[in-house]
Amino acid sequence: MTEGTTTAAAEGGDTLTRLEQEGEIAADYLEGLLDIADLDGDIDMDVEADRAAVSIVSDSDRDLQKLVGRDGEVLEALQELTRLAVHRETGDRSRLMLDIAGFRAQKREELAALGAQAAADVKASGEPLKLAPMTPFERKVVHDAVAAAGLRSESEGEEPQRFVVVLPA
């Protein structure tokens with residue numbers, strides 16, 4: 001191995017260790033919240049796409065729906081609070097992703113299908129297509145789906161009305 005390869009491998013290991021630490025801090029924080037709310041749930045931790053990913057799952061997802069809220073609003077707020085808890089412990093900004101009761105995973109599937117369909121529509125029409133306003137997470141999933149379909153997309157507008165525009169080739 002060359003020195004550059006060794007350094008890159010060490011940095012990759014350091015990144016993985018840091019992301020695992022973020023996941024552990026987040027899990028501890030979320031376990032405390034579950035205890036306070038008297039809700040049952042198991043915490044799963046992973047690293048996905050250079051982010052710590054933490055999920056709360058339960059046999060009774062019905063109880064966890066309170067933590068998801070309408071259209072994921074409570075989930076988004078809990079994710080930000082969890083990121084702040086990680087930041088407080090590490091001093092570093094966290095890009096941690098939180099999922100509760102599979103809400104975000106299901107949303108990701110729906111948005112990927114929306115992005116693929118929008119790309120197909122733009123290929124057929126040759127005209128740009130503006131989509132409805134979305135959260136940063138939602139826009140990222142759509143951008144990835146459009147890119148996978150071989151087209152470009154851009155975000156336009158100001159939060160919270162920022163939206164994706166799918167562009168013809």
Side-chain angles (χ1 to χ4, degrees), residues 12 15-16 18-27 29-30 33 41-58 61-87 90 92-169:
T15 300
L16 181 61
R18 181 180 52 78
L19 293 174
E20 287 172 344
Q21 178 189 19
E22 281 187 23
E24 290 173 14
I25 293 167
Y29 177 76
L30 292 166
L33 283 177
D42 295 322
I43 311 281
D44 290 335
M45 296 179 293
D46 200 0
V47 174
E48 300 173 359
D50 294 330
R51 288 179 180 216
V54 179
S55 300
I56 302 175
V57 295
S58 174
D61 285 345
R62 185 179 196 146
D63 288 342
L64 293 181
Q65 291 305 315
K66 297 171 189 171
L67 298 179
V68 172
R70 187 176 49 115
D71 295 327
E73 291 172 341
V74 176
L75 169 60
E76 290 289 333
L78 286 173
Q79 177 174 278
E80 287 306 310
L81 289 172
T82 305
R83 286 176 174 177
L84 286 171
V86 170
H87 177 73
T90 65
D92 295 326
R93 182 178 175 273
S94 174
R95 296 177 51 232
L96 175 132
M97 291 296 292
L98 175 63
D99 192 7
I100 299 174
F103 175 84
R104 199 175 293 271
Q106 180 180 345
K107 190 76 165 174
R108 181 178 283 124
E109 287 178 20
E110 293 169 3
L111 290 165
L114 172 68
Q117 182 60 53
D121 292 349
V122 169
K123 282 180 181 178
S125 71
E127 297 294 320
L129 177 62
K130 293 180 182 179
L131 301 177
M134 299 178 191
T135 66
F137 161 76
E138 293 169 335
R139 291 193 309 270
K140 169 82 169 91
V141 174
V142 171
H143 286 305
D144 290 347
V146 169
L151 292 182
R152 288 185 322 110
S153 58
E154 298 175 349
S155 291
E156 294 183 5
E158 299 292 322
E159 295 292 352
Q161 297 300 313
R162 199 154 167 81
F163 58 92
V164 173
V165 178
V166 181
L167 303 168

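For the numbers below, each heavy atom of this structure counts, side chains included, while hydrogens, waters and symmetry mates do not.
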TODO: Output, in order, the C-alpha distance, side-chain angles, deciding distance and verdict of side chain to side chain contact (heavy atoms under 4.5 Å, CB included) for Glu20 and Met45.
DONE: CA-CA 8 Å; Glu20 287 172 344; Met45 296 179 293; over 6 Å; no

- [ ] For Glu154, enumerate each residue passing the salt bridge (Lys or Arg N to Asp or Glu O under 4.0 Å) test, keeping only those at least two apart in sequence or located in another chain.
- [x] Arg152

- [ ] Keeping to residues at least two apart or across chains, list the salt bridge (Lys or Arg N to Asp or Glu O under 4.0 Å) pairs with something in residues 72-85.
- [x] Arg70-Glu73, Glu76-Arg104, Glu80-Arg83

Open item on the list: Going by the rule side chain to side chain donor-acceptor pair (under 3.5 Å), which residues pair with Ser153 if we only count those two or more places apart in sequence or in a different chain?
Closed with: His143

Task: Full working for side chain to side chain contact (heavy atoms under 4.5 Å, CB included) between Asp42 and Ile56 - done: CA-CA 6 Å; Asp42 295 322; Ile56 302 175; over 6 Å; no

Open item on the list: Would you say that Val54 contacts Thr82 through its side chain, given a criterion of any heavy-atom pair below 4.5 Å between the two side chains?
Closed with: no

Task: Distance, nearest 0.5 Å, that separates CG of Leu96 from CD of Gln79 - done: 6.5 Å

Open item on the list: Just to verify, what does Glu48 make a side chain to side chain contact (heavy atoms under 4.5 Å, CB included) with, not counting sequence neighbours?
Closed with: Asp46, Ala53

Task: Pairing residues for Pro133 by the side chain to side chain contact (heavy atoms under 4.5 Å, CB included) criterion, not counting sequence neighbours - done: Gln161

Task: Residue list, side chain to side chain contact (heavy atoms under 4.5 Å, CB included) with Ala119, at least two apart or on another chain - done: Ala149, Leu151

- [ ] For Ala101 and Gln65, work out which heavy atoms get closest and say how close.
- [x] CB-NE2, 3.7 Å

TODO: State, yes or no, whether a side-chain contact exists between Met134 and Val142 at a heavy-atom distance under 4.5 Å.
DONE: yes

Open item on the list: Can you confirm whether Leu81 sits close enough to Tyr29 that some side-chain heavy atom of one is under 4.5 Å from a side-chain heavy atom of the other?
Closed with: yes

Task: Option passing side-chain contact (heavy atoms from CB on, under 4.5 Å) with Leu67 (candidates Leu78, Leu75, Leu33) - done: Leu78

Open item on the list: Testing the basics here: between Ser94 and Val86, what is the closest heavy-atom pair and its distance to 0.1 Å?
Closed with: CB-CG1, 3.8 Å

- [ ] Scan residues 114-131 for pairs that pass salt bridge (Lys or Arg N to Asp or Glu O under 4.0 Å), counting only residues two or more places apart or in two chains.
- [x] none

Task: Arg162 side-chain N/O to Gly157 backbone N/O, donor-acceptor pair under 3.5 Å - done: yes

TODO: Report yes if some heavy atom in the side chain of Asp44 is under 4.5 Å from a heavy atom in the side chain of Asp99; otherwise report no.
DONE: no

Open item on the list: Per the salt bridge (Lys or Arg N to Asp or Glu O under 4.0 Å) rule, what does the pair list look like for residues 135-150, sequence neighbours excluded?
Closed with: Lys107-Glu138, Arg139-Glu159, Lys140-Asp144

- [ ] Search all heavy atoms of Pro168 against all heavy atoms of Gly126 and return the closest pair with its distance.
- [x] CG-O, 3.4 Å

Task: side chain to side chain donor-acceptor pair (under 3.5 Å) against Lys66, all qualifying residues, sequence neighbours excluded - done: none

Contacts under 3.5 angstrom, residues 108-116 side chains, donor-acceptor by atom type, not counting sequence neighbours:
{"residue": "Glu110", "atom": "OE2", "partner": "Gln106", "partner atom": "NE2", "Å": "3.2"}

Open item on the list: If I compare all heavy atoms of Asp71 with all of Phe103, which pair ends up nearest, and what's the gap?
Closed with: C-CZ, 3.8 Å

Open item on the list: Can you list everything that forms a side chain to side chain contact (heavy atoms under 4.5 Å, CB included) with Asp63? Sequence neighbours excluded, please.
Closed with: Leu39, Ser60

Open item on the list: For Arg18, give me all partners under side chain to side chain donor-acceptor pair (under 3.5 Å), at least two apart in sequence or on another chain.
Closed with: Glu22

